[in-house]
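This report concerns only the one structure given below.
Values below: every heavy atom of this structure, side chains too, minus hydrogens, waters and symmetry copies. In listed order, ligands and their atoms are each counted from 1. Count residues from 1 along the sequence.
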Amino acid sequence: MSAALSLDSLRSQAETLSYRHQAFIDGKYVDAASGATFDCVNPANGRVLAQVASCHAEDVDRAVAAARRAFEDGRWRNMAPAKRKRILLKFADLIRKHATELALLETLDMGKPIRDASSIDIPASAACIRWYAEAVDKVYDEIAPTAADALALITREPVGVVAAVVPWNFPLMMAAWKIGPALAAGNTMIVKPAETTPLTMIRAAELAAEAGVPDGVLNVLPGFGETAGQALGRHMDVDCVAFTGSAEVGKFFMRYSGESNMKRVSLECGGKTPNIVMGDAPDLDAAAKAAALGIFFNQGEVCNAGSRLLVEESIKDELIEKVMAVGKGMKVGDPLDPTTDMGAIVDDTQLDKIMGYIDTGRKEGAKLSLGGRRILSESGGYYVEPTVFDNVSNDMSIAQEEIFGPVLSTITFKDPDEAVRIGNDSMYGLAAALWTRDINTAHKAARALRAGSVWINCFDPGDNTVPFGGYKQSGFGRDKSLHAMEKYTELKATWIQFS
Ligand code: NAP
Ligand code: MG
């Protein structure tokens with residue numbers, strides 16, 4: 001897409017873009033049964049992009065029935081693995097083929113820089129689907145080491161109808177992390193995108209159908225959490241919910257399950273990632289750059305954002321100076337501009353939440369060292385400056401609560417044990433990073449940090465081969481890698497006794 005990355009051409013492409021805005025049920029776009037719609041807003045200027053179908057319980061019933069039929073008649077799960085693989089590979093290819101359109105949709109809908117949507121979100125979504133497609137005909141089942149008079153097969157079977165309820169920060173990519181393994185395992189699905197960012201997933205449903213995913217196998221229900229999301233969570237015929245979002249809503253899904261059919265739930269929730277920089281960090285410039293990008297990338301709307309910078313006292317001033325220099329150099333503005341580093345916050349509610357935390361940080365006695373203001377409000381959009389707080393103590397709300405915005409809290413420590421103690425002093429345990437030259441410190445701390453991912457001398461690397469997910473109230477279950485298949489499969493033991 002790089003050749004096409006000029007602001008003028010992107011703007012003109014954006015103007016002629018058409019928006020799919022209906023639910024996708026049983027292979028067709030349909031309105032919500034009630035005819036209700038909601039405004040889909042571009043956070044870069046506050047303008048309405050489209051009126052999107054607002055699905056409620058009735059639509060959920062229709063989609064679940066379609067997914068159930070498609071599961072029971074075996075049109076997908078009983079298809080030869082090599083054929084399912086070919087279809088999913090084609091789906092991935094079509095995402096890539098329509099990458100510019102999808103990146104534009106993501107940027108207009110969510111406010112993230114087009115550079116990131118086109119270099120990360122869309123290609124990573126395609127790569128994820130492709131990775132699981134390739135696994136379809138390569139994963140074998142097991143035979144147990146029983147006595148010689150029996151044969152015990154341990155096989156994985158799809159769990160059934162899977163509902164994926166996903167957030168707005170990486171709209172298509174978070175959905176792809178569920179769709180890849182769930183469809184590869186032979187399930188049928190209903191995806192509920194976040195109400196703020198439904199456009200790419202609605203469009204992707206059509207690409208899946210074009211690739212050959214049979215009717216009813218992948219349904220998409222745009223709508224609100226309290227209505228469509230809750231109806232999926234409470235549905236008696238949904239077998240599994242794969243959720244990504246806040247810890248608060250994650251807990252709702254456990255309750256919905258307990259109060260309905262005990263459906264399986266996996267939760268990828270929030271984080272308050274400690275990014276720990278020791279005095280002997282191998283390259284302070286690299287650590288500072290990673291710390292800044294770790295919190296300012298995607299406007300800080302990242303579950304594993306490095307929102308707590310833990311720095312050894314001896315290097316604090318030097319490191320903070322360097323982090324702020326990177327922050328100051330970042331261009332905040334029009335997400336469609338390919339030179340923009342930080343775009344718009346997803347909506348006015350999230351903007352208010354972030355500004356509220358900046359206020360709280362000041363009141364709690366932290367020192368505001370950089371940023372702290374809403375800017376470019378004349379655009380009608382929701383922009384916040386890269387913001388750095390110094391002199392934060394870990395018990396302040398800005399160190400404990402997930403802000404989900406470009407706000408960094410800096411905390412000092414004296415030695416590695418104290419760093420680990422502060423790092424772990426959080427309800428979350430999604431990720432942690434550590435910068436040190438000392439292999440002993442690195443190993444000891446990596447073991448002691450209670451987090452699903454620990455990054456040494458880097459921040460937020462990732463690969464489809466590596467699982468991702470949290471400890472503690474960051475949830476349970478893992479996305480990515482073959483481990484994700486566990487969420488979407490039942491383990492069957494078939495015991496054959498020889499006479
Ligand atoms: P959210 O408010 O928890 O929403 C997530 C999804 O749940 C949305 O589709 C939402 O629908 C739906 N929902 C909201 N209320 C619901 C309810 N009462 N019943 C059923 N469903 C409901 O999270 P968000 O604000 O979209 O996203 C930010 C959060 O996601 C952060 O906490 C972030 O850390 C987390 N996240 C985690 C990961 C990870 O992999 N661990 C990745 C990305 C984001 P509506 O929005 O349409 O109402
Ligand atoms: Mg939007």
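- Separating the CE atom in M110 from the SG atom in C40 is a distance of 12.5 Å, to the nearest 0.5 Å.
- Under a 4.0 Å criterion applied to the non-hydrogen atoms of M174, ligand 1 contributes the atoms 42 (C), 43 (C).
- The closest protein non-hydrogen atom to atom 27 (O) of ligand 1 is P167 CB, 3.2 Å.
- Residue contacts with ligand 1 include G223, since one of its heavy atoms falls under 4.0 Å from the ligand.
- Residues D479 and T244 meet the side-chain proximity criterion, which asks for heavy atoms closer than 4.5 Å.
- From the protein, the heavy atom lying nearest to atom 40 (O) of ligand 1 is F468 CE2, 3.4 Å.
- Atom numbering of ligand 1 starts at 1 in the shown order; those under 4.0 Å from a heavy atom of V165 are 6 (C), 7 (O), 9 (O), 12 (C).
- Taking any N or O of V166, backbone or side chain, at least one lies under 3.5 Å from an N or O belonging to ligand 1.
- Counting heavy-atom neighbours within 6.0 Å of R450 CZ, excluding the residue itself, gives a total of 12 or less.
- How far CG of L172 is from CD1 of I179: 7.0 Å, rounded to the nearest 0.5 Å.
- In terms of N/O distances under 3.5 Å, ligand 1 is approached by G225.
- For G233, the heavy-atom gap to ligand 1 stays at 4.0 angstrom or more.
- Taking distance alone, with nitrogen or oxygen atoms compared against 3.5 Å, E195 approaches ligand 1 more closely than that limit.
- For CD of Q51, the number of neighbouring non-hydrogen atoms (other residues, nucleotides, ligands) closer than 6.0 Å is greater than 12.
- Which parts of ligand 1 touch W168 is read off a 4.0 Å heavy-atom cut-off, strictly below it: atoms 24 (P), 25 (O), 26 (O), 27 (O).
- Considering only non-hydrogen atoms, atom 42 (C) of ligand 1 lies nearest to C303 out of G452, A431, C303.
- Closest non-hydrogen pair, K112 versus P335, comes out as O-CB, 3.4 Å.
- Between atom 32 (O) of ligand 1 and the options R255, E301, E248, E402, the minimum heavy-atom separation is to E402.
- Heavy-atom contacts from other residues, nucleotides or ligands closer than 6.0 Å to NZ of K353 number more than 12.
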Verdict with supporting geometry, K28 and D215, salt bridge (charged side-chain N to carboxylate O under 4.0 Å, His left out): CA-CA 8 Å; K28 283 181 264 328; D215 293 352; 5.1 Å; no
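- Classification of R264 and D239 as a salt-bridged pair fails, no side-chain N sitting under 4.0 Å from a carboxylate O.
- The count of protein N, O or S atoms under 2.8 Å from the Mg ion (ligand 2) stands at 4, with waters excluded from the count.
- Remark: the backbone N or O of I202 is paired with a side-chain donor or acceptor of Y29 at under 3.5 angstrom.
- Those atoms of ligand 1 that come under 4.0 Å of a heavy atom in A194, given as number and element, are 9 (O), 47 (O).
- Residue S246 holds the heavy atom nearest to atom 3 (O) of ligand 1 of all those in A164, G477, S246.
- Not a single heavy atom of G470 sits closer than 4.0 Å to an atom of ligand 1.
- The closest protein non-hydrogen atom to atom 35 (C) of ligand 1 is G245 O, 3.2 Å.
- For ligand 1, the atoms sitting less than 4.0 Å from at least one non-hydrogen atom of L430 are 41 (N), numbered in the order shown with element in parentheses.
- Atom 10 (C) of ligand 1 has K192 NZ, 4.0 Å as its closest protein atom, hydrogens excluded (heavy atom only).
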Steps toward salt bridge (charged side-chain N to carboxylate O under 4.0 Å, His left out) verdict (R203, E206): CA-CA 6 Å; R203 173 74 172 110; E206 185 179 31; 2.7 Å; yes
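- Remark: side-chain polar atoms of T410 are paired, donor with acceptor, to backbone N or O of F389 under 3.5 angstrom.
- Which parts of ligand 1 touch N169 is read off a 4.0 Å heavy-atom cut-off, strictly below it: atoms 43 (C), 44 (C).
- At most 12 heavy atoms of other shown residues, nucleotides or ligands fall within 6.0 angstrom of atom CZ in R96.
- Of the N and O atoms on the side chains of K472 and S426, not one donor lies less than 3.5 Å from an acceptor on the other residue.
- Remark: side-chain polar atoms of Y471 are not paired, donor with acceptor, to backbone N or O of F476 under 3.5 angstrom.
- Near T244, with a cut-off below 4.0 Å to any heavy atom, the atoms of ligand 1 are 5 (C), 36 (N), 37 (C), 38 (C), 39 (C), 40 (O), 42 (C), 43 (C), 44 (C).
- In this structure, T387 contributes its side chain and V407 its backbone to no donor-acceptor pair below 3.5 Å.
- Contacts between C269 and ligand 1 below 4.0 angstrom, taking non-hydrogen atoms only, involve the backbone exclusively.
- By heavy-atom distance, the residue among F253, F404, Y256 lying nearest atom 19 (N) of ligand 1 is Y256.
- The distance criterion of under 3.5 Å between nitrogen or oxygen atoms is not met by W177 with respect to ligand 1.
- Counting only heavy atoms of the protein, atom 15 (N) of ligand 1 lies nearest to V249 CG2, 3.6 Å.
- Neither the backbone nor the side chain of D479 comes within contact range of ligand 1; no heavy atom lies under 4.0 Å.
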Verdict with supporting geometry, D463 and K480, salt bridge (charged side-chain N to carboxylate O under 4.0 Å, His left out): CA-CA 8 Å; D463 195 81; K480 305 171 87 177; over 6 Å; no
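- Between W177 and F468, the ring center distance clears the sub-6.0 Å criterion.
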